[in-house]
Enquirer: 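Dropping the structure in here first, questions after.
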Amino acid sequence: MKVLSLILAGGEGKRLMPLTEDRAKPAVPFAGSYRLIDFALSNLINSGFLKCAVLTQYKSHSLDRHISLTWRMSSMLGNYVTPVPAQQRRGKQWYQGSADAIYQSMNLITDERPDIIVVFGADHVYRMNARQMVDAHVASGAGVTVAGIRVPRSQANQFGVMTVKEDGTTIDEFLEKPTDPPGLPDSPDEILASMGNYVFTADVLIEALEADAKDPASLHDMGGDIVPALVAQQQAAVYDFKENEVPGALGADRSYWRDVGTIDSYHDAHLDLVSASPEFNLYNQEWPIYSLPAQLPGAKFVHGASVRDSIVCAGSIVSGANTDSSVIGTGVRVEDGAAIQRAVLMDGVQVGRGAILRDVIVDKNVVIPPGTLIGINHDEDRRRGFHVSEGGIVVIGKGQHV
């Protein structure tokens with residue numbers, strides 16, 4: 001069957017400010033070597049789906065450039081990963097929602113004429129064999145299949161929640177952030193939350209988008225409008241992420257999925273990477289996460305540097321400093337006597353002698369002067385113009401003066 005993949009990468013990412021001050025959310029760096037969008041694209045490419053269009057809109061330059069430079073497929077075989085900006089093909093307006101983004105880009109579907117359309121979000125961290133989900137969709141005969149992940153019932157008010165009919169597959173209800181939903185039959189303390197990943201039979205999606213575009217009351221959202229409409233028509237099935245098998249994934253890593261939509265969740269996801277037995281294992285070479293490697297020498301540790309439970313990327317030098325439970329990007333310099341704890345330092349950051357950074361995210365090319373204390377006194381951090389999250393994570397934006 002012909003499969004076309006569409007990645008929704010047009011969101012503003014307001015909750016990740018100031019990291020999204022100068023870039024789209026899917027372009028936000030992650031784990032030192034990657035951008036958030038690399039995870040969705042790697043999952044699709046590893047699954048053998050080699051025709052991918054990335055629908056972009058807000059502050060998309062760095063995202064477009066990353067895709068163009070990194071994701072080069074064999075054109076001889078007709079494969080591609082291509083960014084598709086908002087083009088106003090349906091009128092003088094930008095995307096009104098995720099469903100409208102696809103509706104306005106209908107030419108991609110008519111040109112490719114696929115049987116199946118895979119629609120994934122661009123800003124989650126996880127591994128998934130999407131081919132298994134497509135196979136389950138075809139076997140079910142549904143019009144749409146929604147990927148569901150099991151989360152504690154106590155967290156239901158943070159997600160779109162699905163209840164399932166007795167057949168275990170057909171979605172009975174799609175509840176938006178309910179406070180008291182029923183638990184799963186085989187696990188009463190868990191619910192199935194939508195992961196924002198969908199597989200559609202092409203004709204069903206086209207018909208649903210056309211109907212949605214004519215509805216003045218619709219918000220033109222995939223999860224809020226398209227899926228509930230198909231649930232009402234009993235055309236929607238669920239795919240339990242728990243059933244997905246990814247080569248090389250073991251333990252907690254096997255079912256790992258994180259929505260890194262807030263500063264606190266973004267910081268927590270980095271801490272998931274750095275222990276000896278990480279919750280999410282970046283080193284699984286049976287299902288690699290792809291990106292464009294920096295042409296830099298290896299990381300270097302000199303003058304008695306102490307580096308514990310940390311990822312340090314190419315071109316970085318830690319000189320006589322202490323680094324603990326942190327992720328250090330490419331080309332970073334950490335000078336003598338500095339102490340870095342539970343920090344995320346992006347490319348090109350310079351940390352001066354004796355500086356102390358604790359529970360901090362520092363965006364690209366920021367210079368931290370010698371002796372600076374950040375993350376020690378939040379009142380002082382706010383006074384200096386730094387963003388402090390609800391969870392106490394201090395963020396220094398791209399190019400911000402310290």
Side-chain angles (χ1 to χ4, degrees), residues 39-40 43 47 118-121 123-200 222-224 226-228 230-262 264-265 268-269 271-273 275 277-281 284 287:
F39 292 86
N43 286 327
S47 300
V118 176
V119 180
F120 273 25
D123 45 23
H124 299 140
V125 176
Y126 66 111
R127 282 188 177 88
M128 181 180 187
N129 188 333
R131 183 170 293 279
Q132 293 173 15
M133 183 178 173
V134 169
D135 291 343
H137 170 78
V138 173
S140 73
V144 61
T145 297
V146 183
I149 186 167
R150 296 179 177 225
V151 301
R153 186 168 171 270
S154 59
Q155 298 177 16
N157 61 355
Q158 303 175 33
F159 297 95
V161 175
M162 296 167 286
T163 62
V164 183
K165 293 183 181 292
E166 292 183 0
D167 63 7
T169 301
T170 305
I171 299 175
D172 186 33
E173 289 184 289
F174 192 93
L175 308 171
E176 186 64 24
K177 298 181 179 178
T179 57
D180 190 27
L184 295 172
D186 63 341
S187 182
D189 293 329
E190 292 184 314
I191 50 93
L192 269 181
S194 172
M195 297 169 61
N197 289 353
Y198 314 102
V199 174
F200 289 91
M222 293 299 294
I226 300 297
V227 171
L230 294 174
V231 169
Q233 299 171 22
Q234 298 189 7
Q235 291 199 68
V238 68
Y239 175 76
D240 191 343
F241 183 56
K242 183 180 180 181
E243 305 301 320
N244 198 254
E245 296 285 349
V246 171
L250 302 171
D253 179 60
R254 182 178 178 274
S255 57
Y256 186 92
W257 178 85
R258 289 290 182 273
D259 180 352
V260 290
T262 67
D264 291 332
S265 62
D268 288 345
L271 297 186
D272 290 342
L273 307 174
S275 66
S277 299
E279 289 191 50
F280 185 64
N281 179 23
N284 178 4
W287 195 272

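Counting begins at 1 with the first residue of the sequence. Basis for what follows: all heavy atoms, side chains included, without hydrogens, waters or symmetry-related copies.
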Enquirer: Within the distance-only criterion (no hydrogens, no angle test), does the side chain of Arg153 pair as donor or acceptor with the backbone N or O of Pro181 below 3.5 angstrom?
Expert: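 Yes, the answer is positive, given that a donor and an acceptor are paired below the 3.5 Å cut-off.
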
Enquirer: Would you say Thr163's side chain and Glu173's backbone share a donor-acceptor pair under 3.5 angstrom?
Expert: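 Answer holds: yes.
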
Enquirer: Quick check for you: to the nearest 0.5 Å, what is the distance between Asp268 atom CG and Leu273 atom CG?
Expert: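 So the gap between those two atoms works out to 11.0 Å.
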
Enquirer: Would you give the length of the straight line joining atom CZ of Arg131 to atom CG of Asn43, rounded to the nearest 0.5 angstrom?
Expert: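 The CG atom of Asn43 is 13.5 Å from CZ of Arg131, to the nearest 0.5 Å.
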
Enquirer: Can Tyr126 and Asn244 be said to form a side chain to side chain donor-acceptor pair (under 3.5 Å), step by step?
Expert: CA-CA 12 Å; Tyr126 66 111; Asn244 198 254; over 6 Å; no

Enquirer: Rounded to the nearest 0.5 Å, how far apart are CD of Gln235 and CD1 of Ile171?
Expert: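 So the gap between those two atoms works out to 11.5 Å.
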
Enquirer: To the nearest 0.5 Å, what is the distance between CG on Asp240 and OG1 on Thr169?
Expert: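 The OG1 atom of Thr169 is 10.0 Å from CG of Asp240, to the nearest 0.5 Å.
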
Enquirer: Decide yes or no for Ile226 and Tyr198: does some side-chain heavy atom of the first lie under 4.5 Å from some side-chain heavy atom of the second?
Expert: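 No, too far: nothing below the 4.5 Å cut-off.
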
Enquirer: Grab the two heavy atoms, one from Val260 and one from Ala269, that are nearest each other, plus how far apart they are.
Expert: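 What the structure gives for the nearest pair is CG1-CB, 3.6 Å.
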
Enquirer: Return the CE to CZ distance between Met133 and Phe120, rounded to the nearest 0.5 Å.
Expert: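 These two atoms lie 6.0 Å from each other.
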
Enquirer: Does Glu279 offer a backbone N or O that forms a donor-acceptor pair with the side chain of Asp272 under 3.5 Å?
Expert: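 Judged by distance alone, no pair lies under 3.5 Å.
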
Enquirer: Strictly distance-based, threshold 3.5 Å: is any side-chain N or O of Arg127 a donor or acceptor partner for the main-chain N or O of Asp253?
Expert: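 Judged by distance alone, no pair lies under 3.5 Å.
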
Enquirer: Would you confirm whether Asp123, through its side chain, and Gly261, through its main-chain N or O, come within 3.5 Å as a donor-acceptor pair?
Expert: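 Absent.
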
Enquirer: Testing the basics here: between Val161 and Ile191, what is the closest heavy-atom pair and its distance to 0.1 Å?
Expert: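 For Val161 and Ile191, the tightest heavy-atom pair comes out as CG2-CD1, 3.8 Å.
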
Enquirer: Do side-chain atoms of Ser187 reach the backbone of Leu184 as a donor and acceptor pair under 3.5 angstrom?
Expert: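 Between the backbone of Leu184 and the side chain of Ser187 there is no qualifying donor-acceptor contact (under 3.5 Å).
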
Enquirer: Backbone N or O of Glu245 within a donor-acceptor pair of the Gln132 side chain at under 3.5 Å?
Expert: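 Confirmed, Gln132 side chain pairs with Glu245 backbone.
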
Enquirer: Would you say that Val199 contacts Val118 through its side chain, given a criterion of any heavy-atom pair below 4.5 Å between the two side chains?
Expert: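 Val199 vs Val118: side chains touch.
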
Enquirer: Is it true that, when you exclude Gln234 itself, more than 12 heavy atoms of the residues, nucleotides or ligands shown sit nearer than 6.0 Å to its CD?
Expert: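 Counting neighbours around CD of Gln234, 12 or fewer heavy atoms of other residues, nucleotides or ligands fall under 6.0 Å, so no.
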
Enquirer: Quick one, Met162 and Ser194 - any side-chain contact, counting heavy atoms below 4.5 Å?
Expert: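 Yes, at least one pair of side-chain atoms sits under 4.5 Å.
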
Enquirer: Do Trp287 and Asn129 come close enough that some side-chain heavy atom pair is under 4.5 Å?
Expert: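 SC-SC contact between Trp287 and Asn129 confirmed.
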
Enquirer: Looking only at non-hydrogen atoms, find the nearest pair between Thr170 and Val164 and report the distance.
Expert: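 For Thr170 and Val164, the tightest heavy-atom pair comes out as O-CG1, 3.2 Å.
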
Enquirer: I'd like to know if the side chain of Arg150 reaches the main chain of Phe241, judged simply by a donor and an acceptor atom lying under 3.5 Å from each other, with no hydrogens or angles considered.
Expert: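 Not confirmed, Arg150 side chain does not pair with Phe241 backbone.
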
Enquirer: Can you give me the closest heavy-atom contact between Ser140 and Thr145, atom names plus distance?
Expert: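 Here Ser140 and Thr145 meet closest at OG-OG1, 4.1 Å.
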
Enquirer: If only atom types and distance count, is the side chain of Ser265 paired as donor or acceptor with the main-chain N or O of Asp259 below 3.5 Å?
Expert: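 At least one qualifying donor-acceptor pair exists.
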
Enquirer: Identify the two heavy atoms, one from Gly121 and one from Ala40, that lie closest to each other, and give their separation to 0.1 Å.
Expert: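 Looking at all heavy atoms of both residues, the shortest contact is O-CB, 3.4 Å.
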
Enquirer: Any side-chain heavy-atom pair from Tyr239 and His137 closer than 4.5 angstrom?
Expert: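 Sidechains of His137 and Tyr239: no contact.
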
Enquirer: How would you list, by chain and number, every residue that makes a salt bridge (Lys or Arg N to Asp or Glu O under 4.0 Å) with Glu243, sequence neighbours excluded?
Expert: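 Here no residue qualifies.
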
Enquirer: Between the main-chain N or O of Val125 and the side-chain N or O of Arg258, is there a donor-acceptor pair closer than 3.5 Å?
Expert: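 Absent.
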
Enquirer: Give me the atom names and distance for the closest heavy-atom approach of Asn281 to Pro278.
Expert: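 Closest pair (atom of Asn281, atom of Pro278, distance): CA-CG, 4.0 Å.
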
